[in-house]
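Atom set for the values below is all heavy atoms of this structure, side chains included, hydrogens, waters and symmetry mates excluded. Just so you know, ligand 1 is whichever comes first in the structure, and atom 1 is the first atom listed for that ligand.
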Amino acid sequence: MKDKSACLRQDEADRLRGLRGQFQLNDDEIYLDGNSLGVLPRATPARVRQMVEEEWGEGLIRSWNTAGWIDLPARLGDKIARLVGANAGELVVADSTSVNLYKAMSAALSIVRADAPGRTRIVSERSNFPTDLYIAEGLARQYGMTLELVEPDEIPAQLDDRLAVLMLTHVNYRTGRMHDMAALTRDAHDAGALAVWDLAHSAGAVPVDLNGAQADFAVGCGYKYLNGGPGAPAFVWAHARHADRFSQPLSGWMGHAAPFQFTPDYQPAPGIARYLCGTPPLLSMAALECGIDTVLAAEPLGGMAALREKSVALTELFIELVEARCAGHGLVLASPRDAAQRGSQVCFARQEGAYAIVQALIERGVIGDFRAPDILRFGFTPLYTRYVDVWNAAERLEQVLSEGAWREARFQRQAAVT
Ligand SMILES: *Cc1c(COP(=O)(O)O)cnc(C)c1O
């Protein structure tokens with residue numbers, strides 16, 4: 001097993017180590033929750049201040065043109081496209097992940113309804129993130145279809161001639177299990193259905209190739225691995241073969257072919273621009289761009305492939321250290337042991353005290369999170385996480401468990417956000 005000095009040497013040799021300097025990090029803390037809220041990039045405060053003081057304060061309404069505000073959803077979309085195997089012009093930033101999923105799923109269901117009206121099943125994973133399931137449940141009701149939830153291993157058997165849409169999150173939020181996007185999309189297509197992917201835990205975390213996988217629609221999140229800040233806008237992508245087929249259901253003026261003609265009737269913009277709805281949250285867009293840029297900064301160093309290589313090394317190290325040092329403390333690996341099937345996070349289940357253990361760890365400067373009912377979740381963002389952080393986190397976890405510190409009453413009181 002590695003010792004601490006080996007971790008320090010690995011950090012020295014890490015060609016991505018300079019990327020950490022892009023972030024405002026407290027060196028006394030180990031932040032393992034970038035899969036929930038990415039860290040603040042150093043560039044963000046100045047950029048947001050510039051937009052407030054110069055573009056808004058001085059430029060006022062002119063800034064829509066002079067500061068390029070109107071182009072931000074497409075410009076940021078083009079940047080994210082580079083991270084997920086999409087082409088320029090195929091992806092836009094808009095709304096939230098939940099809202100984008102509603103738009104993408106509606107479009108997918110409309111296409112299937114037109115091409116193959118007998119198909120009435122939407123299939124997803126039982127442990128998919130709740131908002132995805134709730135959105136699909138609402139749409140199933142609206143379209144007179146059924147939503148069926150299955151375990152990951154049961155998915156291939158569900159792809160039949162009544163399937164309309166296979167809707168999956170590429171990397172599961174609870175377990176970190178990663179689906180084979182290309183294989184499942186191919187299977188869904190062979191069954192005559194469409195595949196809609198949520199990249200919330202993938203964009204900026206693992207290599208994604210939407211066009212290579214021939215996926216139909218995708219959505220993703222701006223505030224996790226893209227470091228866009230709390231409540232950052234999300235993104236939506238449609239394969240070029242679908243982009244012009246249907247107008248999305250939230251037919252707002254920003255998705256109109258000519259918003260400033262102010263015509264009374266709706267004409268969708270060509271391509272992905274129709275997936276815009278209303279006026280974008282520009283301050284949040286400015287912050288998101290700084291976040292995306294922190295990931296693009298890895299491009300000259302090998303890009304997503306290099307980030308993935310480090311992410312795998314970090315998660316392997318954490319599993320190895322925790323299993324060795326915390327043996328006998330009731331932690332059970334809840335993420336796939338095979339790195340090829342794992343995203344950039346590691347989760348352990350524990351029958352008792354998972355919430356309190358996470359709180360006790362946070363007090364000791366290791367920030368992970370708890371996912372009900374029994375999961376301790378740790379995200380490893382290769383942009384800023386060091387090997388020595390992994391070593392220290394495992395050590396503090398061992399201390400919390402062996403000292404029983406988590407049993408104190410103050411760690412048991414559950415806050416609104418876990
Ligand atoms: C984080 C996450 C979301 C978040 O959706 P919001 O609309 O931003 O609240 C949705 N889906 C998945 C799979 C997520 O991990």
N-O pairing of R377 and D369 below 4.0 Å: yes
Can you label the angle between the F318 ring and the F380 ring as parallel, tilted or perpendicular, going by 30° and 60°? tilted
Salt-bridge contact R75-D78 (side-chain N to carboxylate O under 4.0 Å): no
Test: D14 and R386 ion pair at under 4.0 Å: no
Kindly tell me which protein residues have any non-hydrogen atom under 4.0 angstrom away from an atom of ligand 1, grouped by chain and ordered by number? S96, T97, S98, F129, T131, D132, T169, D198, A200, H201, Y223, K224
How about P230 and L37: do any of their side-chain heavy atoms sit closer than 4.5 Å? yes
Looking at R186 and D180, is any side-chain nitrogen of the basic one under 4.0 Å from a carboxylate oxygen of the acidic one? no
